[in-house]
Structure formats: C-alpha cells, structure tokens
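I have placed the structure first, in the form of structure tokens, so that the comments after it can refer back to it.
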Amino acid sequence: MENIDTVTVDYSPITGQPNCYVVRFTDSEKVLSVPLDEENRHYQEILEWVAEGNTITDNGGGE
Amino acid sequence: MSYIGNKPTAVPLTSADLEDNIISTAKIQDNAVTAAKYVEAPSFRNLIINGDMSIAQRGTSFTCSNSTGSKYTLDRFQYIDVDTPDSVYTITPSTDVPTGQGFAKSLKVDVATADASLDANDGTQIQQSIEAQNLQHLKIGTSSAESLTLSFWVKSNKTGTYVVRLLQPDSSSRMVSFAYTISSASTWEKKTISIPADTSGNINNDNGSGLNITWWLSAGSSYTSGSLASTWQAYSNGDSAVGQVNLADNTANEWYITGVQLEVGTSASDFEFLPYDVNYQRCARYFYRQDYNTNGSSLPVTHNYGTGNSYGVIFTPVMMRARPTLAYSSASHFLMLYGGSQGAPNQLVREGGNGFAQEFRVDRTGLTAGQSAWTRLDNASATFDLDSEL
C-alpha cells in the first residue's frame with residue numbers, strides 16, 4: 001500500500017472492541033478496512049508502515 | 001521368434017525401448033491403444049491459477065511504478081517493484097496470443113517510462129504466489145520430493161536472457177533461478193524449465209505463501225553479481241537474476257506471457273484449460289469484486305443495529321483463503337436507502353466473518369434501529385472488493 005494518509009482503529013458497535021483498521025489514502029477516495037489478522041497482507045503492510053515511524057489513530061470505542 | 005528392435009515381441013516394451021518420436025500416429029492402427037495402456041495427465045495438475053490470463057477482475061489497465069507500489073494486476077499475478085525503480089509500466093490483459101494454442105488472453109507489460117540506468121538495488125518483477133497447502137504433494141524436504149516442470153509462452157521485442165526464480169518463503173526464502181532466452185524479437189516462444197526436486201526445503205501445510213514464482217523484468221547489479229542459482233540453495237540476492245536484461249531500458253519495449261503451467265514431473269504436458277467458471281472460482285478464493293457494471297449493483301439488504309450503523313453478510317462464491325480486506329472505491333459511489341430516505345453512506349466497514357460469509361457494516365446517521373436498509377453501487381466507477389490475496 002502506497003500513499004497512506006491515515007490508519008484508524010474501528011470499534012465494533014456490537015462488541016465495543018477493536019474491529020479492524022480503516023485505511024485512507026492521500027491520492028484516492030479508496031478506503032480499506034483491514035482485519036486485525038496476521039494472515040492478511042494489508043495488516044502486515046500496516047505493521048511495516050508503523051515500523052517506519054507512522055502512527056495508528058485510536059479514538060477509543062463508543063459511537 | 002519375431003522381434004521389435006532387439007526385444008522379442010512377447011516382452012512388453014517400456015518407454016526406454018522407444019526412440020523419441022520413432023512411432024508416428026500414422027503407424028498406430030485406429031483404436032489399437034486402449035485406455036488400459038495410457039496414462040491421462042491428471043486434472044488440476046497446474047499449480048498456477050489463471051495461467052491462461054483469462055480472469056482480470058481488477059480492471060483492464062494497471063499503472064505500475066514505485067509511487068503505486070507492488071500491486072495485483074490480472075488475477076493472481078502481482079507486479080512487484082523492488083526498492084525504488086524509476087520505470088513505469090502499463091500492464092494490461094491482451095488479446096495478443098500464440099497462434100493455434102487455444103489461448104485468448106495474455107498478460108502484457110508495456111514500458112511507459114524507461115529506466116535505462118538501474119540503481120543496484122532496483123528491480124521489477126511479475127509474480128504468482130502459490131498457497132502452501134496446495135503444495136504438500138510435492139513432498140519438499142523429503143527424500144521423495146518431486147521434480148517440477150514450468151512451461152509458459154513468452155514474447156518480447158527485446159531479445160536476450162531473462163530469469164525466472166522459485167522461492168520458498170517458509171524455508172528462509174530458499175530459492176532456485178533459471179535463465180531463459182527470448183531468441184526472436186516479437187515472436188511467441190514456448191519455454192520449458194525443469195526444476196529439480198528439493199529434498200532439503202520446507203513448505204508449511206497452511207494457507208500462507210508456499211512457493212513464489214517470479215519472472216524478472218529488470219534487475220540491478222545487487223541481483224546479478226553472483227552465479228545463477230541453478231540448484232536449490234539458501235537465499236542470495238546476487239544469485240537471483242544473473243544475466244537478466246533490462247526490459248525497462250526503452251519505452252518501445254513490451255513483454256507478454258501466457259499459458260503458464262507448473263506441474264509435477266520432468267516434462268511439460270499440454271496446458272490444462274479450465275472452464276471459465278472454474279477458473280474464476282479459483283481466483284475468487286483470493287479476490288472477489290462486485291462492481292456496478294458486471295456483477296449487479298446491490299449489496300445484500302442490511303439490518304440497522306443502531307441509529308448509525310446497519311449490518312449485512314455477503315456470501316462469497318468460494319471459501320476465501322483468509323479473513324479478507326474490504327475495499328471500496330468511494331463512499332460517494334454508494335447509495336443507502338432506508339426508512340423512505342436515501343443518501344450516501346459515511347463509510348463501509350468490514351466486521352467479522354471468514355470462509356464463505358463476510359460480515360460488513362454500513363455507517364450513516366439518521367437510521368432507525370430495527371429497520372432494514374439497502375445499499376446500492378450507484379456509480380459506474382463503484383467497486384466493492386474482498387481481498388485475501390497472498
């Protein structure tokens with residue numbers, strides 16, 4: 001994934017628990033929601049993005 | 001006593017007794033060979049998915065550069081940039097195919113921006129990763145490991161040496177590389193590569209990547225400085241792509257490939273054509289797209305859990321490899337209809353699910369809990385993807 005703008009934790013309204021990462025980009029309106037699962041390649045890429053010094057936005061649960 | 005060659009006719013012949021091509025079809029009487037006397041090539045022998053390039057769910061043209069990063073193009077075939085190459089490619093499904101072979105599509109790589117002077121660490125590749133649990137019958141890492149044969153049709157105006165590499169991610173990227181030569185410019189050529197059995201590697205029995213098949217398009221000196229790894233060996237950058245031409249050195253260059261087949265054994269059988277629906281379903285394990293134009297224009301009806309969200313389930317054509325990413329083109333490409341009102345959703349989000357059933361959520365304010373809602377793909381550019389690629 002190139003040109004990531006933000007990665008935000010999404011909380012499930014049902015469980016109140018972190019559900020997925022929502023990824024938005026600087027160069028398109030495309031949006032990804034990525035399961036918190038190491039078998040998912042986008043999840044692995046987000047971990048690499050964080051390792052490069054970027055930060056995942058976590059606004060906490062609740063609507 | 002009569003003889004066939006130097007063997008009495010009463011003694012069964014083996015393949016070793018027959019000189020290659022010594023018996024022509026004309027010499028065999030009709031119906032003389034019964035089913036008991038020949039071995040059919042096994043079905044689903046091709047370990048490559050979409051080797052005939054017939055499935056391209058993601059679109060019809062892909063711009064590939066270091067600013068777009070590695071990306072999937074035709075189904076299951078990924079463009080990879082290594083480090084930061086300056087080249088830009090346009091990758092498309094093409095109808096340019098080898099004559100008389102039965103193929104309708106090929107994968108075309110066209111150089112849009114040249115990179116005539118590669119940095120040492122730069123490289124570009126086309127790759128397919130094969131799911132590990134589909135490779136257990138290769139018995140990699142045992143004394144019974146199987147030999148493989150890779151065959152494909154290729155064409156380029158740029159002649160010379162190219163390299164294809166096989167790599168085992170579960171075995172510290174153990175690898176083997178082979179050179180193939182494009183001899184005649186702009187002419188389809190079939191290449192067949194014999195891959196020795198690997199009695200020392202490892203492929204886990206899981207849903208991860210078991211084997212990466214990589215066709216190099218360009219390779220900086222970091223990947224060409226050693227000796228080509230012609231037998232399975234530990235990973236080495238320098239032994240990966242020795243001799244590889246630089247396809248990206250001129251915008252006039254293009255490279256085509258189709259009919260990719262990887263199979264057990266020491267010889268290449270005819271390409272195994274699958275019905276379109278079977279080929280599609282094999283691809284859909286890794287990527288499923290619903291768009292405005294072809295697959296219908298509606299998501300399943302959802303149920304409003306609260307005043308700001310509505311839940312639904314999509315049942316995919318086949319069990320997906322792993323929990324997929326949900327990707328959509330833009331919230332403004334969708335229209336949510338609810339309680340006599342309508343408008344674009346705020347966002348679509350993946351919730352739970354695995355296998356066949358993928359749960360999703362559509363967020364919008366002003367919903368009434370307990371009611372139903374309906375979300376349509378409402379723009380010609382609208383896409384809704386589930387992606388569990390390797």
Side-chain angles (χ1 to χ4, degrees), chain A, chain B residues 64-72 78 81 84 129 131 206-209 286 304-311 320-334 345-354 358-361 363 365 369 379 381-390:
Chain A
M1 291 186 290
E2 300 292 322
N3 306 318
I4 292 176
D5 186 13
T6 60
V7 178
T8 306
V9 181
D10 177 81
Y11 284 80
S12 169
I14 294 176
T15 65
Q17 298 299 310
N19 168 55
C20 66
Y21 290 143
V22 174
V23 184
R24 298 179 189 274
F25 300 89
T26 58
D27 59 346
S28 82
E29 295 182 340
K30 185 174 183 176
V31 181
L32 308 186
S33 56
V34 178
L36 311 179
D37 184 347
E38 291 186 358
E39 291 181 348
N40 182 290
R41 67 189 174 99
H42 295 123
Y43 179 79
Q44 295 170 5
E45 290 181 43
I46 290 170
L47 297 184
E48 293 171 10
W49 181 77
V50 171
E52 291 169 2
N54 298 292
T55 305
I56 296 171
T57 303
D58 188 346
N59 296 320
E63 291 186 78
Chain B
C64 299
S65 69
N66 69 48
S67 66
T68 61
S70 300
K71 64 163 67 173
Y72 276 89
Q78 185 181 27
D81 59 14
T84 55
S129 293
E131 190 173 338
D206 61 20
N207 61 352
S209 293
Y286 304 92
N304 302 345
Y305 178 74
T307 58
N309 49 68
S310 196
Y311 281 81
M320 300 202 78
R321 181 191 66 84
R323 290 197 280 175
T325 295
L326 187 162
Y328 60 95
S329 52
S330 167
S332 65
H333 292 169
F334 292 78
N346 297 335
Q347 65 176 358
L348 295 88
V349 182
R350 183 192 183 280
E351 279 264 345
N354 204 347
Q358 311 301 333
E359 300 164 7
F360 68 101
R361 190 180 89 227
D363 289 348
T365 56
N379 181 293
S381 299
T383 55
F384 179 95
D385 300 336
L386 296 169
D387 186 337
S388 64
E389 263 294 359
L390 287 162

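On a predicted model such as this, the values are computed, not experimentally measured, just so you know. All chains are named by letter (A, B, ...) in the order of the sequence lines, taking the proteins before the strands, and each is independently numbered beginning at 1.
Interface residue B:Asn66: only backbone heavy atoms are found under 4.5 Å from chain A. Contact annotation for A:Val22: only side-chain heavy atoms (C-beta onward) come within less than 4.5 Å of a heavy atom of chain B. Both the backbone and the side chain of A:Asp37 come within less than 4.5 Å of a heavy atom of chain B. For B:Ser388, no part lies under 4.5 angstrom from a heavy atom of chain A. Only the backbone of B:Ser67 comes within contact range of chain A, with heavy atoms under 4.5 Å apart.
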Report task. Could you walk me through whether B:Arg350 and A:Asp10 pass salt bridge (Lys or Arg N to Asp or Glu O under 4.0 Å), step by step? Result -> CA-CA 9 Å; B:Arg350 183 192 183 280; A:Asp10 177 81; over 6 Å; no

Query raised in the report: Please walk me through it: do A:Asn40 and B:Thr325 pass side-chain hydrogen bond (donor to acceptor under 3.5 Å, both in side chains)?
Result: CA-CA 7 Å; A:Asn40 182 290; B:Thr325 295; 3.0 Å; yes

Requested in this report: Might you work through the side-chain contact (heavy atoms from CB on, under 4.5 Å) test for B:Tyr311 and A:Ile14, ending with a clear yes or no?
Outcome: CA-CA 10 Å; B:Tyr311 281 81; A:Ile14 294 176; 3.5 Å; yes

Requested in this report: Please test B:Gln347 against A:Arg24 for side-chain contact (heavy atoms from CB on, under 4.5 Å), starting from the C-alpha separation and ending with a verdict.
Outcome: CA-CA 11 Å; B:Gln347 65 176 358; A:Arg24 298 179 189 274; 3.1 Å; yes

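Side-chain contact of A:Glu29 with B:Ser329: a donor-acceptor pair under 3.5 Å is absent, judged by distance alone.
Taking the side chain as every heavy atom from C-beta outward, B:Asn207 and A:Glu39 approach each other to under 4.5 Å. The shortest side-chain heavy-atom distance between A:Asn19 and B:Val349 falls under the 4.5 Å cut-off. Residues B:Glu351 and A:Pro13 are in side-chain contact: their nearest non-hydrogen atoms beyond the backbone lie under 4.5 Å apart.
Separating the CD atom in A:Glu38 from the CZ atom in B:Arg323 is a distance of 10.5 Å, to the nearest 0.5 Å. Note that CG of B:Leu390 is 9.0 Å distant from CZ of A:Arg41, once rounded to the nearest 0.5 Å. Annotation: the span from B:Lys71 atom NZ to A:Met1 atom CE amounts to 14.0 Å, rounded to 0.5 Å.
The side chain to side chain donor-acceptor pair (under 3.5 Å) check on B:Ser209 picks up nothing, with sequence neighbours excluded. For B:Glu359, there are no salt bridge (charged side-chain N to carboxylate O under 4.0 Å, His left out) partners at least two apart in sequence or on another chain.
A pairwise comparison of heavy atoms in B:Leu348 and A:Ser33 identifies O-OG, 4.4 Å as the closest pair.
No other option in B:Thr383, B:Asp206, B:Thr68, B:Asp363 has as many heavy-atom pairs under 4.5 Å with chain A as B:Thr68.
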